[in-house]
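Single-structure report; data block below.
Worth saying up front: this structure is predicted, and the values here are computed from it rather than measured. Order of appearance sets the numbers: ligands from 1, and atoms from 1 within every ligand. The chain is numbered in sequence order, starting from 1.
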Amino acid sequence: MSTAGTEAFKARRTFAIISHPDAGKTTLTEKLLLGGGAIRAAGQVRARGERRRARSDWMKIEQERGISVSSSVMTFERNGIIYNLLDTPGHEDFSEDTYRTLTAVDAAIMVIDAAKGIESQTRKLFEVCRLRDIPIITFVNKIDREGRHALEILDEIQEALALDVTPMSWPVGMGSDFFGVYDHIGNRFFTSTEGRGGPLDTIKDVKGLEDPELIGELFDNIRDELEENVELGGAGYSEFDQESFLEGHLTPVFFGSALRDYGIDQILDFIAAHAPSPHSQPATGGRTIVPEENKVTGFVFKVQANMDPKHRDRIAFVRLCSGTFKRGMKLKHVRAGKPITVSAPIFFFAEEREIAEKAYPGDVIGVPNHGQLRVGDTLSEGEEIHVTGLPAFAPEILRRVRLTDTMRVKQMRRGLEDLAEEGLVQIFKPAIGTNWIVGVVGVLQLDVVVDRLKAEYQTEIGFEPVMYNTARWAECTDPLKLDKFLETNRAHVALDRDDKPVYLFKNAWEVTYVGEKNPDISFRETREIV
Ligand code: GDP
């Protein structure tokens with residue numbers, strides 16, 4: 001085992017931020033990068049893409065291949081810890097990509113708007129984290145505005161997500177009476193010299209709740225509320241427990257304001273001290289890949305196509321699971337059974353890209369390729385092994401594809417297959433009839449599919465509604481029983497892009513009904529992609 005590699009991976013923290021649009025993910029990302037010294041001024045995360053700095057090697061690749069990788073991965077270093085922040089597109093481009101990125105992280109920050117609590121997309125993303133037991137750190141944002149009572153928010157997290165919660169700090173007032181944040185564990189008061197609502201610029205060491213440094217300036221009602229919170233909170237919620245956090249059963253909750261810098265350093269410190277270093281990865285054959293192993297393995301969790309339709313090149317995002325990767329390495333592309341030389345791997349820093357000379361478990365490298373790498377693929381140093389645990393998710397929106405020019409069936413199928421490999425859509429080929437059905441998790445993906453087929457495959461398509469609104473993968477331990485079931489239900493059956501059978505349901509009621517009538521068949525919401 002290589003000790004250098006062992007040391008290096010232990011300093012890695014690979015994580016993502018999950019949230020509902022508008023909760024403050026962009027602002028928090030920016031402040032984390034600022035806190036980590038990765039960027040120098042606010043506003044840069046937002047301006048990403050538009051203002052890319054000339055970084056020789058990377059720019060060349062980007063120009064030659066016409067690929068833009070935006071800010072899918074942001075790496076920065078702070079106090080000897082390497083933070084790899086993976087972006088989970090959460091807005092218009094909310095798609096399966098978002099879910100899959102979560103398969104490549106070891107922890108997640110869940111951002112909640114203090115006024116809105118748990119919202120729909122947060123909940124969905126949280127469920128994916130739960131599926132994988134990813135530890136969650138909660139950040140209750142925007143406490144500089146009027147929000148819900150701190151205890152109410154903690155209760156909501158506890159009840160809605162069935163998680164134990166540990167308050168790690170308390171808001172000192174909110175909204176127009178916002179004085180700062182009290183860290184009752186470290187006995188610090190984060191506040192502003194600019195008075196109520198000001199940006200964080202002062203940290204006072206205090207001696208508990210009675211300290212005049214903390215309560216001297218507060219209004220009576222705010223002091224009472226703070227005392228009540230600390231008292232009730234201490235009694236009513238779990239104490240922080242590292243093991244329970246790592247197992248995904250307990251979430252530490254930080255109150256803060258990304259906009260005004262409250263909570264940022266606390267979160268970064270917490271991640272450094274408590275978030276896990278790269279975990280081991282389950283693989284086929286009952287094998288578990290541990291990061292200490294000498295040989296390199298990694299898996300593709302995301303593929304990004306070029307922006308220039310004339311090029312077919314793509315960037316595959318590979319999360320390393322073990323070994324020390326070195327530029328120029330020849331790795332085995334296990335699915336294809338072919339070697340692939342990784343000569344221009346890319347590292348992603350907040351402001352720039354760099355050719356990666358070395359990378360360690362937990363790191364993400366971008367591998368330019370001509371389309372041979374797809375989501376779920378494993379790269380190894382020769383071993384015939386597939387990383388498992390990368391699910392495909394049952395889409396929530398299904399549409400039948402209508403082709404405008406029927407002469408272009410081949411181009412359309414090729415295009416849809418390519419987009420499916422990127423993870424933009426899922427395709428289902430009905431057992432009866434020839435028109436494919438596509439499935440997506442976010443409705444705006446449909447527009448993207450139409451645009452890209454037109455631009456990249458010169459094929460115009462439209463979508464028609466289908467009577468189904470959900471798909472489930474049908475599985476059975478007995479292949480004969482499965483075949484019989486599929487044969488008798490041909491009208492509802494389709495094959496996915498890997499020819500795995502799915503059953504198309506009209507509604508949730510039917511899922512239950514058909515499930516009860518066919519107890520031997522399992523109808524799965526997710527499927528391993530191998
Ligand atoms: P995203 O959609 O989750 O990426 O959210 P943004 O970071 O773009 O924030 C949405 C809006 O909330 C923007 O107008 C931000 O300026 C604002 N915002 C973000 N964090 C805070 C905060 O801590 N306090 C206040 N008052 N506004 C915030």
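Of all atoms in ligand 1, listed by their number and element, those nearer than 4.0 Å to a heavy atom of Arg145 are 26 (N). Annotation for ligand 1: atoms under 4.0 Å from non-hydrogen atoms of Lys25 are 1 (P), 3 (O), 4 (O), 5 (O), 7 (O). Listed by number with element, the atoms of ligand 1 under 4.0 angstrom from any heavy atom of Ser257 are 22 (C), 23 (O), 24 (N).
Using a cut-off of 4.0 Å between Lys/Arg side-chain N and Asp/Glu carboxylate O, Asp106 and Arg132 are scored as not salt-bridged.
Proximity of Asp144 to ligand 1, defined as any heavy-atom pair under 4.0 Å, is confined to the side chain (atoms from C-beta onward). For Asn141, every heavy-atom contact with ligand 1 shorter than 4.0 Å involves the side chain, none the backbone.
On a distance-only criterion, Leu259 and ligand 1 share at least one N/O pair closer than 3.5 Å. Between Ala258 and ligand 1, at least one N/O pair is under 3.5 Å apart. Close N/O approach between Gly256 and ligand 1 is not found [any backbone or side-chain N/O within under 3.5 Å].
Between Ile157 atom CD1 and Asp164 atom CG the span is 12.0 Å, to the nearest 0.5 Å.
Between Tyr262 and Phe178, the ring centre distance stays below 6.0 Å. In this structure, the ring of Phe190 has its center no less than 6.0 angstrom from the ring center of Tyr182. Taking the ring centroids of Tyr83 and Phe76, they lie under the 6.0 Å cut-off. A distance below 6.0 Å separates the ring centres of Phe270 and Phe245.
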